[in-house]
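To keep things clear, I will list the structure first and then write my remarks on it.
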Amino acid sequence: MNTTKKLIGIFSVAALGAILPSSTIYAATLAGQVQFTMGTVQVVTAEGNAHLLKKGDPIYEGDTVNTIVSSSAQIKMKDGGFIAVRHDTKMRFDKFVFKGTQNGEEKSFFSLFKGGFRAVTGLIGSVNKQNYKIVTPAATIGVRGTDHETYFVPISTAQVQAGAYSKVNVGETTLTTNQGTINVLPNQMGFSSGIN
């Protein structure tokens with residue numbers, strides 16, 4: 001009798017898992033919270049659902065934030081960092097791991113497809129520098145506990161050459177391609193026209 005009850009319980013849980021959407025079973029990892037938006041700012045979740053962002057909305061690992069011309073957003077990261085997403089930008093919060101301590105497991109990885117953002121790093125990257133990076137099609141940017149701005153221009157214009165730009169306000173960044181790595185210091189800007 002007890003075996004039958006246990007089997008029914010197991011099958012009930014399995015059936016419930018098959019019926020409920022996966023987002024109900026597995027909680028997404030919270031990366032930050034929107035502090036401010038101006039204009040049209042959209043988020044596309046890892047599952048492909050899109051909606052407009054507003055103040056107070058959460059940002060989860062896997063979310064892609066899109067701004068159009070004359071739009072922007074400010075996001076407070078869970079590790080105390082801050083990101084100001086510029087207009088006409090598409091960026092994804094690829095990986096975010098932070099459990100309140102710097103034990104080497106924390107991570108903050110982004111992909112920048114176009115546009116730019118300014119970031120003041122939080123606890124992630126201040127000790128374990130390799131755990132914070134921004135990937136663009138033209139270069140990978142790492143930080144050394146910093147206030148920095150990253151831009152990726154996909155197509156050249158009369159005013160701007162296509163490629164990845166890394167500007168440092170405070171601290172230091174690295175700009176890495178298949179050809180090597182350069183260090184970018186305060187009041188400098190690094191540039192790469194392509195990964196090769």
Side-chain angles (χ1 to χ4, degrees), residues 21-99 105-125 130-143 146-157 160 162-167 173 175-177 192 194-195:
S22 60
S23 60
T24 305
I25 297 170
Y26 301 103
T29 301
L30 180 67
Q33 185 176 35
V34 177
Q35 301 292 296
F36 169 83
T37 63
M38 181 180 77
T40 302
V41 182
Q42 181 190 59
V43 65
V44 179
T45 67
E47 295 80 24
N49 301 318
H51 64 273
L52 294 178
L53 278 179
K54 63 185 183 307
K55 181 178 179 179
D57 282 352
I59 297 292
Y60 294 105
E61 177 182 273
D63 283 355
T64 299
V65 174
N66 297 294
T67 61
I68 63 169
V69 176
S70 301
S71 298
S72 61
Q74 295 176 358
I75 300 165
K76 180 76 170 180
M77 301 302 290
K78 194 174 164 189
D79 72 331
F82 173 82
I83 294 176
V85 184
R86 306 299 192 196
H87 75 96
D88 199 20
T89 294
K90 180 179 181 182
M91 68 177 294
R92 184 175 61 222
F93 294 74
D94 292 317
K95 185 80 176 166
F96 190 87
V97 177
F98 185 69
K99 297 178 180 173
E105 295 177 6
E106 68 278 9
K107 289 181 178 45
S108 192
F109 297 159
F110 307 93
S111 289
L112 181 63
F113 304 103
K114 70 171 184 172
F117 65 92
R118 179 177 180 179
V120 177
T121 56
L123 293 177
I124 298 175
Q130 72 282 0
N131 291 352
Y132 184 108
K133 68 180 176 182
I134 304 147
V135 175
T136 76
T140 298
I141 295 157
V143 303
T146 187
D147 173 351
H148 67 97
E149 300 177 51
T150 300
Y151 296 89
F152 176 69
V153 179
I155 300 170
S156 292
T157 67
V160 183
Y165 296 80
S166 178
K167 179 182 181 293
T173 65
L175 192 97
T176 303
T177 69
S192 169
I195 200 70

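All of these numbers come straight from a predicted model, not from anything done at the bench.
Taking a 6.0 Å sphere around NZ of Lys167, one finds it holds more than 12 heavy atoms contributed by other residues, nucleotides or ligands. Crowding of Lys107 atom NZ: a count of heavy atoms from other residues, nucleotides or ligands under 6.0 Å exceeding 12.
With sequence neighbours excluded, the residues forming a side chain to side chain donor-acceptor pair (under 3.5 Å) with Thr150 are His148, listed by chain and number. Under the side chain to side chain donor-acceptor pair (under 3.5 Å) criterion, Thr176 pairs with Thr181, sequence neighbours left out. Ser166 meets the side chain to side chain donor-acceptor pair (under 3.5 Å) test with Thr173; sequence neighbours excluded. Annotation: ring pair (Phe, Tyr, Trp, His ring centres under 6.0 Å) contacts of Tyr165 (sequence neighbours excluded): Phe191. Every side chain to side chain donor-acceptor pair (under 3.5 Å) that Thr45 has, sequence neighbours left out, goes to Glu47. The side-chain contact (heavy atoms from CB on, under 4.5 Å) check on Gln33 picks up Gln35, with sequence neighbours excluded.
Relative to the six-membered ring of Phe113, Lys90 meets both conditions, a distance below 6.0 Å and an angle of at most 45° to the axis.
With contacts defined as side-chain heavy-atom distances shorter than 4.5 Å, the pair Ile134/Phe117 qualifies. A 4.5 Å side-chain heavy-atom check between Ile59 and Val65 finds at least one atom pair inside the cut-off. Looking at heavy atoms from C-beta onward, Thr37 lies in side-chain contact with Val34 at the 4.5 angstrom threshold.
Counting only residues at least two apart or in different chains, salt bridge (charged side-chain N to carboxylate O under 4.0 Å, His left out) contacts with residues 108-117 comprise Asp88-Lys114. Residue pairs meeting the side-chain hydrogen bond (donor to acceptor under 3.5 Å, both in side chains) criterion with at least one partner in residues 57-83, sequence neighbours excluded, are Lys54-Asp57. Applying the ring-ring contact (aromatic ring centres under 6.0 Å, His included) rule to pairs touching residues 62-96 yields Phe93-Phe110, sequence neighbours excluded.
Between Ala139 and Ala164, the shortest heavy-atom contact is CB-CB, 4.1 Å. Nearest heavy atoms, Ser156 versus Ala162: OG-N, 2.9 Å. Considering all non-hydrogen atoms of both residues, Ser192 and Thr177 come closest at OG-CG2, 3.2 Å.
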*Dump the intermediate steps for side-chain contact (heavy atoms from CB on, under 4.5 Å) on Gln42 and His51, then the final yes or no.*
CA-CA 6 Å; Gln42 181 190 59; His51 64 273; over 6 Å; no
*In sequence, state the C-alpha distance, the side-chain angles, and the governing distance for Leu112 and Thr89, and then conclude on side-chain contact (heavy atoms from CB on, under 4.5 Å).*
CA-CA 8 Å; Leu112 181 63; Thr89 294; 3.9 Å; yes
*Verdict with supporting geometry, Thr29 and Val97, side-chain contact (heavy atoms from CB on, under 4.5 Å)*: CA-CA 8 Å; Thr29 301; Val97 177; 6.0 Å; no
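With rounding to the nearest 0.5 angstrom, the CZ atom of Phe109 is 4.5 Å from the NZ atom of Lys133.
Using a distance-only test at 3.5 Å, with no hydrogens or angles considered, no donor-acceptor pair links the side chain of Thr140 to the main chain of Val135.
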